[in-house]
Amino acid sequence: MKTKIFTMSNQHRDKDSLQEAGEILRRGGLVAFPTETVYGLGGDALNRESSRKIYAAKGRPSDNPLIVHICRLEDMDALVRQVTPEARAVAEAFWPGPLTLILPKSDLVPYETTGGLDTVAIRFPSHPVARQLIDCAGGYVAAPSANLSGKPSPTVAKYVIQDMDGRVDAIIDGGEVGIGLESTIIDMTVQPPQILRPGYVTRQMLQQVLGQVDVDATILSNESGQAPKAPGMKYRHYAPQGEMCIVAGDQEQVSAYINEQISRDKAQGERVGVICTDETAGTYRDAVIKNAGSRGDEESIARHLYTILREFDDEQVTRIYSEDFAPEGLGQAIMNRLLKAAGHKRIEL
Ligand code: TXA
Ligand code: MG
């Protein structure tokens, strides 16, 4: 399949290209597009054949449900059996934006889209290109992240093209995304509502609207003995090719420890990468050093994380050491992704 590439920005949206991409989706084709979180791999959410194609293009197990993206708050109503007052309140508070709600699905949504579940994940993104595309496509676009299954989600079009060229009908290159980590997922079918995947919208923010909010115990630990409630969270997502370890402790000790590991690993022929911050970037020697940004600016760390993991793959890094972050606020989402990338390997000095 020849993949068509459209290029545009939020400020300069190309109406004709968006119409054309919308047409492709209406006809059952696949179009990758930018959102404010990560790039998505879109298909018509109400067309079972499109959902099958999405799974095939990603190489993704078909028991892993897709998120249905909408571009108007009221379009949620047709997708669900009933919109509870809590669901309405949380949608009004955070949409359009990086939040996905799990609700009981209506008959309109095919089981191919929900991976066989009776619930549906719904998100109304804020990204102007995404919103206009969804509108042109008829209002309901199923979209997982636009990476091959098992790779970090793409935050720039370059990595969408790397994974999806030849597998989809079109890719919209809209530049770098703003947030860099996937949306927060909250299950609204349980009481109290439960966060299944942490993201930019934090537990504290959700609690201001919903009162008590629980967090799936598997988010930061793999020792809870439970299976994650979001089927996709059980897979070893976000994994770079290099073996990765998170190192926690006093900053100086962490730098000293990682430098020792660098020397040792290099002597054994490994190519070593380090994920660090503005505060520590100068303390590491003789490795592929990636600075994710200042510790005081977690948004920067979130935005750069997946690109850094991808760059390590590009540069054939075989061992990765990452600094640790406090799992509070946005740090919870950062640590969730880091721990998954590291297969939960974390040492405390
Ligand atoms: O930010 C995002 O959410 C991006 C952009 C493209 O919108 N999308 C995204 O989709 O991250 P994906 O497919 O990579 O991740 C969706 C996650 C998976 O872990 C999946 O198992 C979970 O949502 N999920 C979807 N429907 C669900 C449902 N009905 N119940 C529980 N989990 C669900
Ligand atoms: Mg994904």
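Small disclaimer: the values here were computed from a predicted structure and weren't measured. For ligands, and for the atoms within them, numbers begin at 1 and follow the listed sequence.
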Check the surroundings of atom CD in E315: do more than 12 heavy atoms from other residues, nucleotides or ligands lie under 6.0 Å from it? yes
Checking heavy atoms under 4.0 Å, the part of A143 that sits near ligand 1 is backbone
Could you list the atoms of ligand 1 found under 4.0 angstrom from a heavy atom of H69? 5 (C), 6 (C), 7 (O)
Please determine if the Mg ion (ligand 2) has an N/O/S atom from S153 lying under 2.8 Å away. no
Between K58 and ligand 1, does any nitrogen or oxygen pair lie at a separation below 3.5 Å? no
Heavy-atom contacts with N64 under 4.0 Å: which atoms of ligand 1 show up? List them by number with element. 18 (C), 20 (C), 21 (O)
Below a 4.0 angstrom heavy-atom separation, can you tell me which part of I185, side chain or backbone, both or neither, approaches ligand 1? side chain
Taking side chain as C-beta onward, heavy atoms only, is R337 less than 4.5 Å from P198? yes
Below 3.5 Å, N or O to N or O, backbone or side chain included: is there any such pair between E182 and ligand 1? no
With atoms numbered from 1 as shown, which atoms in ligand 1 lie under 4.0 angstrom from a non-hydrogen atom of T119? 28 (C), 29 (N), 30 (N)
State the atoms of ligand 1, each with its element, that fall below the 4.0 Å cut-off from a heavy-atom position in G40. 6 (C)
NZ/NE/NH1/NH2 to OD/OE distance under 4.0 Å, R123 and E36: yes
Do Y321 and L305 land in one hydrophobic cluster if side-chain heavy atoms of ILVMFWY residues count as linked below 4.5 Å? no
Ligand 1 to I67, heavy atom cutoff 4.0 Å, flagged ligand atoms 3 (O), 8 (N), 9 (C), 10 (O), 16 (C)
Where the side chain of T3 meets the backbone of V168, is there a donor-acceptor pair that is under 3.5 Å apart? yes
Do we get K151 above Y306's six-membered ring, with its NZ or CZ under 6.0 Å from the centre and within 45° of the axis? no
Answer side chain, backbone, both or neither: which part of L117 comes under 4.0 Å from ligand 1, heavy atoms only. side chain
Short N/O distance, under 3.5 Å, between T35 and ligand 1? no
Check whether any N or O atom of Y39, backbone or side chain, sits under 3.5 Å from an N or O atom of ligand 1, and answer yes or no. no
Have a look at P125, G199, P65 and point out the one with the heavy atom closest to atom 26 (N) of ligand 1. P65
I'd like to know if R72 and D135 make a salt bridge, using a cut-off of under 4.0 Å between side-chain N and carboxylate O. yes
For ligand 1, is there an atom lying under 4.0 Å from some heavy atom of T114? no
Could you tell me whether the side chain of I320 reaches within less than 4.5 Å of the side chain of P240, counting heavy atoms only? yes
Are any of the heavy atoms in K105 under 4.0 Å away from ligand 1? no
For residues F124 and D75, determine if any side-chain heavy atom of one lies less than 4.5 Å from a side-chain heavy atom of the other. no
Salt bridge (Lys or Arg N to Asp or Glu O under 4.0 Å) pairs, two or more places apart, involving residues 292-308: R295-E323
With atoms numbered from 1 as shown, which atoms in ligand 1 lie under 4.0 angstrom from a non-hydrogen atom of A121? 25 (C), 26 (N), 27 (C)
Salt bridge check: are K53 and D44 linked by an N-O gap of less than 4.0 Å? no
Contact atoms of ligand 1, heavy-atom distance to S183 under 4.0 Å: 1 (O), 2 (C), 3 (O)
